[in-house]
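First the structure, in the form of structure tokens, and then the observations on it.
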Amino acid sequence: MRMERVDWPGDILSLVAQEASALVELLCEQNSGVLDRIFALVEPKTLDHRQSLTNTRDRVSAIVDYFKSSDRNSCRRFLAIVYQYSENIPLLLETTLVSIAGYTPGTNFNHTCETVDYSPLPYVKRPRLDHLQSYTDALKSMALQKYESVAQAVVKDIRLEDTWVYLRHRNPPRGKDRTIQPQASLDNHEGEESEHKVSVESLLKTTSRVVTLLGQAGSGKTLLVHCLGRDWAEGSFPSIHLLFLLEFRQLNLISRDLSLKELLFLFYPACDDDEEQSDAVFEFILSNPEKVCFIFDGYDEFRAKLTHPEKLESINDPNKPLPLTDLLSGLCSRRFLPDCTVLVTCRPRDVTDMFGSPGFITCELQGFDRLGVKEYAEQYFHKKGDELKKKAVNLLMNNRHLLSMSHVPGLCHICCVCMEHLFSSDGTDLQLPTSLTQIYMQILLAFLKRINGGVVSGTSPLQRYRSKIVEMSQLALKGLEESTIVFMDTDVSPELQDFGVKSGILSCVKLTREDGSSGYGFTFMHLTMQEFLAALHLMTSQNITESQLKKKLNLKTRWTTKIDPKSVFTDSLHVYVCGLAAEACKSSLVQLKGTEGTTAWVQKRQATVRNVLLGFAGSTSQTGPKIVELCRCAHETQDAKLARAIGSRPQFELRNIRLNAVDMDSLAFVTAAADQNVCLDIGGCSIDPDCLEILPSFKNVDHLIFRSRKYDDKFAEALCGILCKLQALQKLDLSNNSLGNKGLKKILDLLPKLGMIQEINAFHDTHHTLQSSFIENGCFYITVKSHFCLSSLTHSEIKPVYMTKLCKQLVKCENLLDIEFSHLKLSNESVEKLMLILPEMSSLQLLNLSHVDLSTNGALLLIRSLADCQRVTAVELSLLIALLRSLTGNQITQVGALHLVNSMNTCEKVVAVEVSLGVEDQSLIKFVQEHVNGKTLREIPVLDPLLCKFDNSIYFYAHSIWSAINIVNKYAKLIWPFFLLTELILKTSHLLCSPSGVLVFCLIVSLFVLCFYSLLFLLYSPYLMYNSTFVTFFSFDDCDIEGQHLAPLTLPIQKCHALQDLRFSQLKVDRKGADFFSAVIPFLRNLRNLTLDLKGAAEDEVATLMEALPKTTSFESLSLSQLVLGDHGATVLGRALQSVPNLKSINLSQCSVWTAARGQDLVRGLVQCVSLAEIRLDSVILDEEGITILAQGFSRLTSLRRLSLSDNNVTDQAGEKLLAALSHCRVLQKLQLSKNQLGQASAAKLAQVVPLLPQLSELNLSENQFGQQGSMSLCEGLMSMKALKILHLTSIGSSDLVGVASSLKHCPSIEDVSLSWNLCDDSLARTLAEILPLCTKLKRLDLEANNITTAGATVIAKCLPSCPSIEVIRLWRNPIAKEDENLKDQRLNFSSV
């Protein structure tokens, strides 16, 4: 189809202005003839001025500016000349020019200057654009055809805007033993995923990203991606110009290397194989990748595994043929066409192969809820009669087993087919299937019934078609074992083809072979049917031994890593094998076996399967996902003995997996069969609210745990409808989740209805205010329970009015009661209410008040009241005192010091007190840790009774030092007789005036109540103002305070003109805090060092902070680590850095939440600071362009001594540029590049650069993938590193580090070496034994997690007498018998520390 040119409807002048820069770039590349034609359009007097410009770019820019302000006709003529005579016009600009500068017959382009021939050249560029348009039209037509083919059997229309997926966000731990992580990290929520729902339509609304769409078998992944193709063809995604949908089942047929162009035009050829058209289209793809989308469907069906991006060779030529695994990996990891959109569908197990490229997103199909199941069933039976429809829908919705399976769309369809078959049977006794395997057996019978047009004879279909079913099941198993899903027509006999197609078990599909020819093949109607038939073969074939059968019964885990072997679509084979071991399937297996003595043989085979599962049930080492799989297998067998054996475990602990309705139904089956009560711990699991409706089937669950951030008020609302049905429930744990007051209220409103409940834990690690619902309903319920533990009111705020109600209810409780009030926020009034009632609480057994947030007066009131409460048997109240306090530098008399020492001597945690009031100038208090006994008091003779200096003192500034000591003494006498103190002061340093008249002031104060800060600051303010001339150092470290508390210090600090060092860490920044810094910092003209390691700042507040940064010549050091800068903050900081000429040190580690583009702006500003000696940019967001900008800046940073870029995903290509640029930094001493993606090229470049860095003393390259070749390159570099002291090469992707070890003898200064986690063998140990005596300064050698045996360790041990400098050699996680007599040297460490 040809495109007709039309008149541009918009403002041409505005559009020329918009495209001005592109026009200038284009015209600067043209020959003088093109410019002469354009000059001819310009008025002579204007032309003279513009032609007088000597620079071509200036002349072109002036001409374009002229036409931006000319009239419409002149502008059109200008664009016509540009379009007709310019060469190599960018395609997008050309498209615009076609629409604007087009002409119709009769258009007059004549200009007053008759000497120039600019007659139009019609259709000069038209074919190129026509090719793209015609190809796009053909592509859309194919997308619509494919959708029609896939959607033939679809019951209901698919609306993508109403189809939902869970969008996942996850930051998994970087630990090496990832299989342990999901359970180990639950309590601190590391590795836990957060989710929110989005529509499928939205997946392509945002372009230039990689999306992985997950879904279990039958969830509708293939149908949905074809719906995306249909909607694109109908114009729903205008930002996508070309969309290519490729199926992995087709890609399996390709064995040769292909270029990207060959791959695309193999499956989507140009019209009539027009080479010119394919060239034009591919040129568009390369020039506009952001307008291209690739959809790859069914990665779980792919025979191979994508190549890891780190192992890919540099891909520069898009026409270069590559292995298919490399080609697809390059697209998915954005190694080429980085701005294209990629969507990959697969089952959840295979998502680890998608290598987390920038913009990588994972989402999982939601499936049907209860209403969706009903709507689908009604639609399916809509044309089959109202009576059948009503019966079938009611049966489906009321049968728990069928309903739980129907949450998966594919299984819902199968259940409907199954019910239709059952209702059409002649028998009146309807036997419903109770497992998924039994449903598939009914589906098989329904398919067999189709062969003769539904005519039923007296012979069973299984017997009548036994030979064909045997052949079909053998083909199915062969396909699974050979990773084949598409069978060529030559692989299937003509008779089996006819049988399979007529029955519907096989589908005939059109294939595109790798030579471009077309053909036909066959697939099973669904992968699950192939697995079911394969299981039939395993259970009925005489050729399958019991040993072979057992190998197919390995339980699947849902925790996977990138190094796991790829398995192809065999998720359910073991489930169907277990299902065929059920008693209900015995008759079907006997019919298919069809020989004498069949019954006994079938029973023996079924018993073999059940015995294997019993063996699994007896294992105590099964992880949560495997326990779920085991329960699914038991449910398929419907064997009560097996279920009872699995249910005998006291606790089902599940972690970080998605639980669907089938999983819950299986767990219910097992726990209901148990002979004991069990605990169901679903912490960290994703679970749909509809699945909670299955909980009443858990008959013996007495303890239920929902601990996860995923559980919010909406979840609580769904749970409330279920809890009262759990008759055995005694304990409910809802701690550490996202429940708010609304959700907690709903739970607590149910308390009177929960007959057996004894304990509820609602612990939160964030504060929330408890409302009257808890007080009125919760406490009323407590008074009527026989036993109840008020397990947690922690991290809450109880207002005085509610405290009164709470206390009145607690007094009524006659049973033993434990109360935890730890981390509570209590006002003085609330404390008074509590203390008035405590003596009357006869049932109180434990009161925990540790880490409470209350005022000083409240604390004293609490202490006095508890002393009078004789019924309290245990009280826990933790205050803050450090383990070791050094007290030097304050002016108090001997009497004051003795007061302090006397108080300390009464504290049971003090084990040593040293006091010096003379020239030794020392005072030390040491506190004991838990379970450490002993106490000493050492008094150094007093030489000067007038001078005692305290540093890090217990210090509350009042009117004098004396009053502070009195306060300390008073508090000590009040508190210590009652409690075992743990902490009173975090860090407090206070140095008063020294004889030289220079005051160094360091204040870091922490009390047991936050509100005391304001009082302290108010009291310190006059002191600071009085001594402002001398203050040079001011620091608040690890103080958990808020910005509002800093207001009293504003004026005093502004007057500290001598201040050189200002430090704040762990400060909660709000608007008032940002205003404080912006008001203070401009006054500090002598400030040299600024540390703002803050938290909680909003983007506007961060921008305010950045704008306030010092711009003086004295400013040298800036630390903003862990500050969430954001895009605006990064941009402002980048500009600010350009005004700090003498900055020597900058720390932006773990600053985050800026985009790559803004990160580039920040780096551009950073490299302007030419005096920088230290740069720390660990764990920040820098793309390859940002790294390139940084590398280019190194040519100016000749003073750089320390560079840290760890955990930044720096690619091998970017790392090579970075290291090459470091050759300019000749005084570099420390280089940290761990946890990146550096490889062989970076290692080779490093070897070339390090000889130019003679002062390099520390090198950390851990957790990169250099490989064997890269490690050899490192050897070359090590030989020239004479100053190297520290070398860390942990987990660098090579097990051969013999060369690296041998090179250490050329490093005479080496002190610390790590070669851990590399799986090196004894050859490394033997080499080390040779060179260690030559490393005379080596102190530490880390060989953890290698493959060194006892023999290798013995060789190392024998050389140790010649190595006096060595302090420790770590050998943990090596296959070494550490009790060996030769390994007794204490320097050999076999522990984890």
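Nothing here was measured: the structure is a model prediction, and the numbers come from that model.
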Task: OG1-CG distance between Thr540 and Leu580, expressed to the nearest 0.5 angstrom - done: 8.5 Å

Open item on the list: Can you tell me how far apart CE (Met664) and CG (Leu680) are? Round to the nearest 0.5 Å.
Closed with: 6.5 Å

Open item on the list: Between Gln606 and Thr637, is the side chain to side chain donor-acceptor pair (under 3.5 Å) condition met? List the steps.
Closed with: CA-CA 9 Å; Gln606 289 179 317; Thr637 66; over 6 Å; no

TODO: Step through it carefully: locate the ring centre of His407, locate the ring centre of Phe368, and say whether they are under 6.0 Å apart.
DONE: no

Task: Glu301 side chain to Phe248 backbone, donor-acceptor under 3.5 Å - done: no

Open item on the list: Using side-chain heavy atoms (C-beta onward) and a distance below 4.5 Å, is Leu719 in contact with Leu695?
Closed with: yes

TODO: Determine whether Leu511 and Gln250 make a side-chain contact, defined as any pair of heavy atoms from C-beta on separated by less than 4.5 Å.
DONE: yes

- [ ] List the steps and the verdict of side chain to side chain donor-acceptor pair (under 3.5 Å) for His574 and Glu629.
- [x] CA-CA 10 Å; His574 64 292; Glu629 283 298 301; 2.9 Å; yes

Task: Ser588 side, atom OG; Met539 side, atom CE - distance, nearest 0.5 Å - done: 11.5 Å

Open item on the list: For a quick test of reading the model, state the closest non-hydrogen atom pair linking Ala640 to Ala673 and the distance between them.
Closed with: O-CB, 4.3 Å

Open item on the list: Please give me the minimum heavy-atom distance between Ala672 and Asn700, naming the atom from each residue.
Closed with: O-ND2, 3.4 Å

Task: Exercise: identify the closest heavy-atom pair between Ala476 and Phe524 - done: CB-CZ, 3.7 Å

- [ ] Supply the atom-to-atom distance Met472 CE to Ser467 OG, rounded to the nearest 0.5 angstrom.
- [x] 10.5 Å

Task: Residues Asp297 and Lys221 bridged, charged N to O under 4.0 Å - done: no

Open item on the list: Regarding Lys389 and Glu378, does a basic nitrogen lie under 4.0 Å from an acidic carboxylate oxygen?
Closed with: no

Open item on the list: Please check: side-chain N/O of Asn394 versus main-chain N/O of Lys390, any donor-acceptor pairing under 3.5 Å?
Closed with: yes

Task: Flag side-chain contact, heavy atom, 4.5 Å: Val373 against Asp369 - done: no

Task: Counterpart residues, ring pair (Phe, Tyr, Trp, His ring centres under 6.0 Å), relative to Phe698 (two or more places apart) - done: none

Task: Any donor-acceptor N/O pair, Arg249 side chain to Ile485 backbone, under 3.5 Å - done: no

Open item on the list: Please give me the minimum heavy-atom distance between Ile469 and Pro461, naming the atom from each residue.
Closed with: CD1-O, 4.5 Å

Task: Residues Lys502 and Asp498 bridged, charged N to O under 4.0 Å - done: yes

Open item on the list: If we count only N and O atoms by modelled type, under 3.5 Å, do the side chains of Glu364 and Ser219 hold a donor and an acceptor together?
Closed with: no

TODO: Verify, without hydrogens or angle tests, whether Gln497 (side chain) and Asp489 (backbone) share a donor-acceptor contact under 3.5 angstrom.
DONE: yes

Task: Distance (rounded to the nearest 0.5 Å) between Cys631 SG and Phe652 CZ - done: 5.0 Å

Open item on the list: For Phe499, give me all partners under ring pair (Phe, Tyr, Trp, His ring centres under 6.0 Å), at least two apart in sequence or on another chain.
Closed with: Tyr465

- [ ] Flag the pair Gln379 / Tyr376 as yes when at least one side-chain heavy-atom distance between them is below 4.5 Å, and no otherwise.
- [x] no

Task: Close side-chain approach of Glu481 and Lys552, heavy atoms under 4.5 Å - done: yes

Task: side-chain contact (heavy atoms from CB on, under 4.5 Å) assessment of Phe669 paired with Gln638 - done: CA-CA 9 Å; Phe669 172 75; Gln638 293 292 297; 4.3 Å; yes

Task: Under 3.5 Å donor-acceptor, Ser483 side chain and Gly479 backbone - done: no

Open item on the list: Using side-chain heavy atoms (C-beta onward) and a distance below 4.5 Å, is Phe423 in contact with Leu395?
Closed with: yes

Open item on the list: Would the distance check show the side chain of Gln463 and the main-chain N or O of Leu592 forming a donor-acceptor pair, the cut-off being under 3.5 Å?
Closed with: no

- [ ] Taking the side chain as every heavy atom from C-beta outward, state whether Tyr299 and Thr345 have any atom pair closer than 4.5 Å.
- [x] no

TODO: Would you mind reporting whether Gln442 and Gln438 have side-chain heavy atoms less than 4.5 Å apart?
DONE: no

Task: Separation between CE of Met529 and CG of Leu506, rounded to the nearest 0.5 Å - done: 10.5 Å

Open item on the list: Quick one, Asp681 with Leu654, criterion side-chain contact (heavy atoms from CB on, under 4.5 Å). Give me CA distance, side-chain angles, the key distance, then yes/no.
Closed with: CA-CA 6 Å; Asp681 183 353; Leu654 314 177; over 6 Å; no

Task: Whether His413 side chain and Pro409 backbone form a donor-acceptor pair below 3.5 Å - done: no

Task: Backbone of Val486 reached by a side-chain donor or acceptor of Asn252 within 3.5 Å - done: no

TODO: Before giving the answer on side-chain contact (heavy atoms from CB on, under 4.5 Å), spell out for Met397 and Leu403 the whole-Å C-alpha distance, their side-chain angles and the decisive distance to 0.1 Å.
DONE: CA-CA 6 Å; Met397 300 307 295; Leu403 182 60; 4.1 Å; yes

- [ ] Evaluate the criterion side-chain contact (heavy atoms from CB on, under 4.5 Å) for residue pair Arg450 and Ser503; output intermediate values, then yes/no.
- [x] CA-CA 6 Å; Arg450 296 177 178 178; Ser503 65; 5.5 Å; no

Task: Heavy-atom pair of closest approach, residues Gln542 and Trp601 - done: NE2-NE1, 3.4 Å

Task: Flag for Glu636-Tyr576: side-chain donor and acceptor within less than 3.5 Å - done: no

Open item on the list: Using modelled atom types and a 3.5 Å cut-off, is there a donor and acceptor pairing between side-chain atoms of Asn611 and backbone atoms of Ala607?
Closed with: yes

Task: Heavy-atom pair of closest approach, residues Pro433 and Ile439 - done: CG-CG1, 3.5 Å

Open item on the list: Does this structure show an ion pair linking Arg610 with Glu583, if we count only N-O contacts that are shorter than 4.0 Å?
Closed with: no

